[in-house]
Protein chains: 2
Amino acid sequence: MSIRDLARHLDISIGTVSRALNGKADVNQETRERVLEAAKRLGYVPNQSGRSLRQGTTNTIGFMIESTIETVDTGGSFFMPVFEGVQSVFRRHHLDLVALLCGTDEEPAAYLNRVVARRFVDGLIISATTRHDPRIDFLLERKIPFITLGRSETTGDYPWIDLDFEGVATAAVERLAGLGHSRIAIAVPASDINLGYIFLDAYKQALAANGIAFNPDYVFRSYANEEGGYQIAGAVLAQRQTPTAIILVNENMALGLYRRFYESDIHPGRNIAVIGFRESIQSRFLSPTLTCFRISLRDLGIKLAESLLSTMPAYEEHYPHEKVELIWPLELVPGESDQGEL
Amino acid sequence: MSIRDLARHLDISIGTVSRALNGKADVNQETRERVLEAAKRLGYVPNQSGRSLRQGTTNTIGFMIESTIETVDTGGSFFMPVFEGVQSVFRRHHLDLVALLCGTDEEPAAYLNRVVARRFVDGLIISATTRHDPRIDFLLERKIPFITLGRSETTGDYPWIDLDFEGVATAAVERLAGLGHSRIAIAVPASDINLGYIFLDAYKQALAANGIAFNPDYVFRSYANEEGGYQIAGAVLAQRQTPTAIILVNENMALGLYRRFYESDIHPGRNIAVIGFRESIQSRFLSPTLTCFRISLRDLGIKLAESLLSTMPAYEEHYPHEKVELIWPLELVPGESDQGEL
DNA sequence: ATGAAAGCGCTAACAT
DNA sequence: ATGTTAGCGCTTTCAT
């Protein structure tokens, strides 16, 4: 069922059918109705390839995520709500969202190159930005509309939204310092992902602001998942002078950390203060309850989508052009994990 | 940069360029090398729309998931490892995987209709099959290669893979019966998803096989997520004659169930026996440890991908044609949650 | 208001 | 072994 079939069926030209379907003004109202009715009845939907080839647009937005060893087990619980938010915006504009899954064994930049060159999508949301991210240069050069979820040192004129790691680090250090802690450790991802650098810097600044000397031995690096938390807890316990508190930058680390501590009969909140990162279904289940930070991922998705569209000329009427560079706040959720006596 | 530009640059015809790039035999070795080198140097990648239009194929496989209220928070942790497995197979054949996210507010059948009619993908994996699933009829009629993750009562000649709910129900009931339980409850999703029916039927059969009468009051229905587990635990406690054991059909239910039980000072394994469904990172964290079932989601993804390709003529040489109808086994992971005295 | 026709980028059939 | 050309389905420009 092509547009040609439909036109033949109605005994009018394909040009008129096309115009009718696309809501052009110069078509007889009666004709339009006939066309729409027939299209619906016969189940005609335009072939996207033909359309894309002619118009140079696909009506599809890609959200690139990497199924790394770190995210494969747990990343979904972060991204699904974000997707849901993104999609709720796109639906209004007849845009489809596809998740572009860059596999473990492929270079993100190479994957992106292929996606873009094949004209798969009109725009992109990319996540897990690295300190220096070649994808950004590439997309800027190709003039593909995009937004990043995460900051990068790679400069240029592009929109981004990132979580407020500074705010989290500051609030966490201040809270712990206020409770009398000075041996405050931090757990960051071992990878080149930018948030690790940002979080570490903010942590250092917050330490300084609270008159606490920075101790490089208190920076622990591992996978940003449960296993990483487990490893870090082990490393913490192996220190000569054990920290009295630890701040995590990933929600999944908390699970492994708790587990490893329990194995050594160390109780968060009693023997060591713990501040987790994002509140999640899992974290709400930890005992003692985890002090962590709340964020609406769906709202984040909505803002990501709206910000991306605001950079695309075709959607200027709905979303006035603005370059978004946004730090997304998180809200402290006090728990028991950092409330023990020192 | 189109194929025309590339041809002009090399001063040969676009036909030869196309043949060289597509590895056709009838092209001079030297010419081929020149073409490939220039393509690489100039960053030429064929436009997918042009290609699709001509060949009628997109080299893309879609994996349709629904971000329902149930899956949005937790479904990702199930699907990501499956995706990873699927992708590891597709990569070998230069196929791309896209996750097609059907939003909360769209009818799955309508969404699928659009995806198919637009010729977005060459094949499909669909999940969360319902008891009677119109998507299956639709895809069969359109002759789109697809495989379902999940069985359905909708008949026809199509491949499917599903988890061994019967095996899980049987093993769980037998285990509990062996421990002396006869008031064994079950928790299933309230939706029309087929696995609920399958699990319930298998549970009834297993009860009969163990000489236990079926009691409809012991069938609890709610969301297949943490909240659902919480609600069900409340309903269990509200029963006049409380069951002494409960079997869950969803991994996330266990979290809420435990939480609600704790609130009433009911301890799984001591006051009530609990057998969960799939072992997950979260479930490994419950205390007392949850008796549940283990599955390699990555391997499941690999089998899904291979089975789908085996139905597609273009891949017959790699995957001989076979119609897969496969029950995927799960392995019991004994825990403490069902080991208390009666 | 409608029809006719060009052309988006590509591949494959046909010609040389 | 290479060049030429038709045509995939669609939108849009130009006629009428």
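Proteins get letters first, then strands, A, B, ... in listed order; numbering begins at 1 in each.
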Does either side chain, that of [X] or that of [Y], offer a donor lying less than 3.5 Å from an acceptor on the other one?
X: B/Arg118; Y: B/Asn113; value: no
X: B/Asn28; Y: B/Arg34; value: no
X: A/Ser49; Y: A/Ser52; value: no
X: B/Thr16; Y: B/Ser13; value: yes
X: B/Thr58; Y: B/Asp122; value: yes
X: B/Thr129; Y: B/Asn194; value: no

* Output the distance between atom CG (B/Leu100) and atom CD1 (B/Ile126), rounded to the nearest 0.5 Å. =>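 Separation between the atoms: 11.5 Å.
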
* Value in whole Å for how far the P atom of D/dT2 lies from CG of B/Leu10 -> 12 Å

* At under 4.0 Å between heavy atoms, what does A/Thr31 touch on the DNA or RNA strands: base, sugar-phosphate, or nothing? ->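 Since only primed, P, OP1 and OP2 atoms lie under 4.0 Å of A/Thr31, the category is sugar-phosphate.
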
* Partners of A/His93 by ring pair (Phe, Tyr, Trp, His ring centres under 6.0 Å), sequence neighbours excluded? ->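 Result, ring pair (Phe, Tyr, Trp, His ring centres under 6.0 Å) vs A/His93: A/Tyr315, A/His318, A/Tyr319.
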
* Partner set under ring pair (Phe, Tyr, Trp, His ring centres under 6.0 Å) for A/Phe63, not counting sequence neighbours ->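 Here the qualifying residues are A/Phe79, A/Phe83.
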
* Treat primed atoms plus P, OP1 and OP2 as sugar-phosphate and everything else as base, then score nucleotides 7-16 of chain D 5' to 3': B for base contact with protein heavy atoms under 4.0 Å, S for sugar-phosphate contact only, - for none. => BBBBBBB---

* **salt bridge (charged side-chain N to carboxylate O under 4.0 Å, His left out) pairs, two or more places apart, involving residues 127-137 of chain A** =>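 Every pair satisfying salt bridge (charged side-chain N to carboxylate O under 4.0 Å, His left out) with a residue in residues 127-137 of chain A: A/Glu66-A/Arg135, A/Arg131-A/Glu153, A/Asp133-A/Arg135.
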
* **Range on DNA chain C touched by chain B, heavy atoms, distance below 4.0 Å** => C/dG9 to C/dA13

* Divergence of helical axes at both termini of the helix from C/dA1-D/dT16 to C/dT16-D/dA1 - five pairs an end, 10° steps ->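 Here the helix ends are tilted 50° relative to one another.
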
